[in-house]
Number of protein chains: 2
Amino acid sequence: MNEQVESNETAALPGVYVAAEADVSLTAPTCAIGYAFKAIEGKWKLPVMYVLSVRGAARYNEIKRELGITNMMLTNTLRDLEEYGLVSRTQYNEVPPRVEYALTDNGYAIIPALKEFEKWGQRLLDAPADGPVE
Amino acid sequence: MNEQVESNETAALPGVYVAAEADVSLTAPTCAIGYAFKAIEGKWKLPVMYVLSVRGAARYNEIKRELGITNMMLTNTLRDLEEYGLVSRTQYNEVPPRVEYALTDNGYAIIPALKEFEKWGQRLLDAPADGPVE
DNA sequence: CTGGATCCATGGCGATACTG
DNA sequence: CAGTATCGCCATGGATCCAG
């Protein structure tokens, strides 16, 4: 495929690092980023949270149409996010029934990370030469 | 992966555009955050990139031990990350053989997002009352 | 001994129906 | 409108096997 022969000196950019300690124990119960990874595990957690962050609050079928997600996956994803206290569910006893989902305070706190992800994605799009082969 | 282009033609609903009704079109090829989501899709992309960001460069079995990931998953994950131009693979013709993986410049660019994720995870850990029921 | 593939069991995930 | 139920496939995990 692609033979990327480059010098080893680019391995570590000076002054750029995430954590000072080289011991990476993502599975530790007190590992912050490991816990974050677990919270967003699965294909649809981040897309759902992103939609809610943009819309503020959204109904079940709204999210479904936006993402093209199946009922099963949306239901499970919302339930998981609820368990983590990231999404709140508000049911209105009306006819027809209405259920609105919104980010909790902890869910809202993910937005800075989402924005960084967006900037990163933009950078990848701006460098198509290094992108995946279409 | 393969981009499944959702055809707008629908036998039952002619003339109805599916993509047009989405205000948030994460599937659009020019959507930055959608592209970022695709780039990190899968269970192990972020953990592997995190390990590489901390270690600077790591060998195959180093990553494997750190994460407790299986051979198949690590191989596939590294290959996907290579395709996206996020990870570089450097092979040394030595005895015993040695292969080192490191983040590319585009791969390193994810670190601000990882830092935000870490802060977010720390916030979740600091608010156990809102966390998932143990 | 290291990097990686192959077989196999399981669970996440998708498509389509059906229900309150 | 907001879910549930069911089927089937593919990604994932576990163990073992292969190449250099």
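Chain identifiers are assigned alphabetically (A, B, ...) following the order of the sequence lines, protein sequences preceding nucleic acid strands; residue numbering begins at 1 within each chain. Values reported hereafter were calculated over all heavy atoms of this structure, with side chains retained and with hydrogens, waters and symmetry mates removed.
- Rounded to an integer number of Å, the gap from CD1 of Ile63(A) to P of dC1(D) is 14 Å.
- The distance from atom CE of Met73(B) to atom P of dG11(C) is 16 Å, rounded to the nearest whole Å.
- Listed by chain and number, the residues in a side-chain contact (heavy atoms from CB on, under 4.5 Å) with Arg98(A) are Arg59(A), Tyr92(A), Glu94(A), Glu100(A) (sequence neighbours excluded).
- A straight line from CG of Asn93(B) to P of dG20(D) spans 13 Å, rounded to a whole angstrom.
- Every side-chain contact (heavy atoms from CB on, under 4.5 Å) that Ala109(A) has, sequence neighbours left out, goes to Trp120(B), Arg123(B).
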Can Met72(B) and Thr75(B) be said to form a side-chain contact (heavy atoms from CB on, under 4.5 Å), step by step? CA-CA 5 Å; Met72(B) 190 70 171; Thr75(B) 299; 5.9 Å; no
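- Listed for the Thr77(A) side chain is no donor-acceptor partner under 3.5 Å among the backbone atoms of Trp44(A).
- At the phosphate of dG13(D), OP1 or OP2 sits under 4.0 Å from a side-chain N or O atom of Trp44(B).
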Can you give one letter per nucleotide of nucleotides 2-7 of chain C, going 5' to 3': B for a protein heavy atom under 4.0 Å from the base, S for sugar-phosphate only, - for none? SSBBB-
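- If you measure from atom CG of Leu67(B) to atom C1' of dG14(D), you get 17 Å, rounded to the nearest angstrom.
- Hydrophobic clustering, with ILVMFWY side chains joined whenever heavy atoms are under 4.5 angstrom apart, groups Val54(A) together with Leu74(A).
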Could you list, one pair per line, each protein nitrogen or oxygen that sits under 3.5 Å from a nitrogen or oxygen of nucleotides 7-10 of chain D, together with the distance?
none

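- With contacts defined as side-chain heavy-atom distances shorter than 4.5 Å, the pair Thr104(A)/Val87(A) does not qualify.
- Using bins of under 30°, 30° to 60° and over 60° for the plane-to-plane angle, the ring pair Tyr101(A)/Tyr60(A) lands in the tilted bin.
- In this structure, Glu66(A) places its CD atom 14 Å from P of dA2(D), rounding to the nearest Å.
- When all heavy atoms of Ala39(A) and Leu81(A) are compared, the closest pair comes out as O-CD2, 4.5 Å.
- Comparing the local axis fitted to the first five base pairs of the helix from dC1(C)-dG20(D) to dG20(C)-dC1(D) with the one fitted to its last five gives a bend of 30°, rounded to 10°.
- The shortest non-hydrogen separation linking Leu125(B) to Ala32(A) is CD1-CA, 3.7 Å.
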Donor-acceptor pairs under 3.5 Å, side chain of residues 110-119 of chain A to any protein atom, not counting sequence neighbours: which ones?
from, atom 1, to, atom 2, distance (Å)
Glu116(A), OE2, Lys119(A), NZ, 3.3

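- Spacing between atom CD1 of Ile69(A) and atom C1' of dG12(C) amounts to 12 Å, rounded to whole angstrom units.
- Between Lys45(B) and Asp80(B), the shortest heavy-atom distance links the atoms CE-CB, 3.5 Å.
- Summarising the geometry, the separation between CD on Glu41(B) and P on dG12(C) is reported as 16 Å, rounded to the nearest angstrom.
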